[in-house]
Amino acid sequence: MQSLLQGVDVLSRAIVMLSRFVVIASGIALTVVTTANVVARYTSQSGGFSFAQELPMLIFPWFILAGIVLAAHAGGHMAVEWLYDKLGGGMRLSAFVLANVISIVAFMILAYQSIVVGEIAGMEQSPVLRLPNSIGYYALSIGALLVSIVTAAATVRVLRFGWEARIEIKAEEMPL
């Protein structure tokens, strides 16, 4: 049992590290593309880069979903604090577990549905870069799956260490 709990913790930390990287890398890419396009728009005859509209639309879902994963890890993806404050002891823990189970199921359904829609959208390509339009849907699917995993890990953390560990994040685990 102890090795299972350690495995969940290691998996959760790996997902958080990956999500931090995605937020930083995609944030930099979005900034560079947008800034370069503004500069090109005013300094060249072409009026900017033709890919500058498509690329941010493909990168932005990854940026947002990685941020959601970080928020879920931090315990910030559900705003039900007022309910937890009104409940005590076992009722509070039960409400927390129920809310996380509902969240996990909802995100898993979202992951599945985004794969279904992504398969349909994959038949079309973006006009300039010729990339499949399914990229954003697959980002949604992967992000929803990762949110489910870190939410489950947070639930295990609270069940193992108590209520105080719910939003306890070490300095090295700060989102950015």
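Atoms considered below: every heavy atom in the structure, side chains included; atoms not considered: hydrogens, waters and symmetry mates.
A144 meets the side-chain contact (heavy atoms from CB on, under 4.5 Å) test with F107, L110, A111; sequence neighbours excluded. Every side-chain contact (heavy atoms from CB on, under 4.5 Å) that Y112 has, sequence neighbours left out, goes to V116. Residues passing the side-chain hydrogen bond (donor to acceptor under 3.5 Å, both in side chains) test with S134, sequence neighbours excluded: none. Residues meeting the side-chain contact (heavy atoms from CB on, under 4.5 Å) test with E119, sequence neighbours left out: I115, Y138. Residues meeting the side-chain hydrogen bond (donor to acceptor under 3.5 Å, both in side chains) test with Q125, sequence neighbours left out: R130. T43 meets the side-chain hydrogen bond (donor to acceptor under 3.5 Å, both in side chains) test with no other residue; sequence neighbours excluded. Residues that satisfy the side-chain contact (heavy atoms from CB on, under 4.5 Å) test with L145, not counting sequence neighbours, are M108, I149.
Separation of atoms CD (Q6) and CG (L4) is listed at 10.0 Å; rounding is to 0.5 Å.
Each of F96 and F161 belongs to its own hydrophobic cluster when Ile, Leu, Val, Met, Phe, Trp and Tyr are linked at side-chain heavy-atom distances under 4.5 angstrom. Hydrophobic clustering (ILVMFWY, side-chain heavy atoms < 4.5 Å, transitive): W163 and V97 are in one cluster. The cluster map of Ile, Leu, Val, Met, Phe, Trp and Tyr, joined by side-chain heavy atoms under 4.5 Å apart, puts I142 and L18 in the same cluster.
Residues in residues 86-99 take part in no side-chain hydrogen bond (donor to acceptor under 3.5 Å, both in side chains) pair, two or more places apart or across chains. Residue pairs meeting the ring pair (Phe, Tyr, Trp, His ring centres under 6.0 Å) criterion with at least one partner in residues 9-43, sequence neighbours excluded, are absent.
Residue V117 belongs to a hydrophobic cluster whose other members are Y137, with links defined by side-chain heavy atoms closer than 4.5 Å.
In this structure, the side chain of S103 does not engage the main chain of A99 through any donor-acceptor pair within 3.5 Å. Although no hydrogens or angles enter the test, the distance criterion places a donor-acceptor pair under 3.5 Å between the side chain of T31 and the main chain of G27.
Using a 4.5 Å heavy-atom cutoff, the side chains of I102 and L98 are in contact. Annotation: side chain of T155 is in contact with side chain of L159 (closest heavy-atom distance under 4.5 Å).
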Step by step, work out the side-chain contact (heavy atoms from CB on, under 4.5 Å) result for L146 and V150.
-> CA-CA 6 Å; L146 295 179; V150 298; 5.7 Å; no
Would you please test R157 and H73 for side-chain contact (heavy atoms from CB on, under 4.5 Å) and show each step?
-> CA-CA 11 Å; R157 183 176 68 231; H73 172 73; 4.0 Å; yes
Would you tabulate the side-chain donor-acceptor contacts of residues 49-72 under 3.5 Å, counting partners in other chains and residues two or more places apart, or write 'none'?
| from | atom 1 | to | atom 2 | distance (Å) |
| --- | --- | --- | --- | --- |
| E54 | OE1 | S126 | OG | 2.8 |
| E54 | OE1 | L129 | N | 3.0 |
| E54 | OE2 | V128 | N | 2.6 |

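Taking every heavy atom of both residues into account, N37 and G48 meet most closely at OD1-CA, 3.3 Å.
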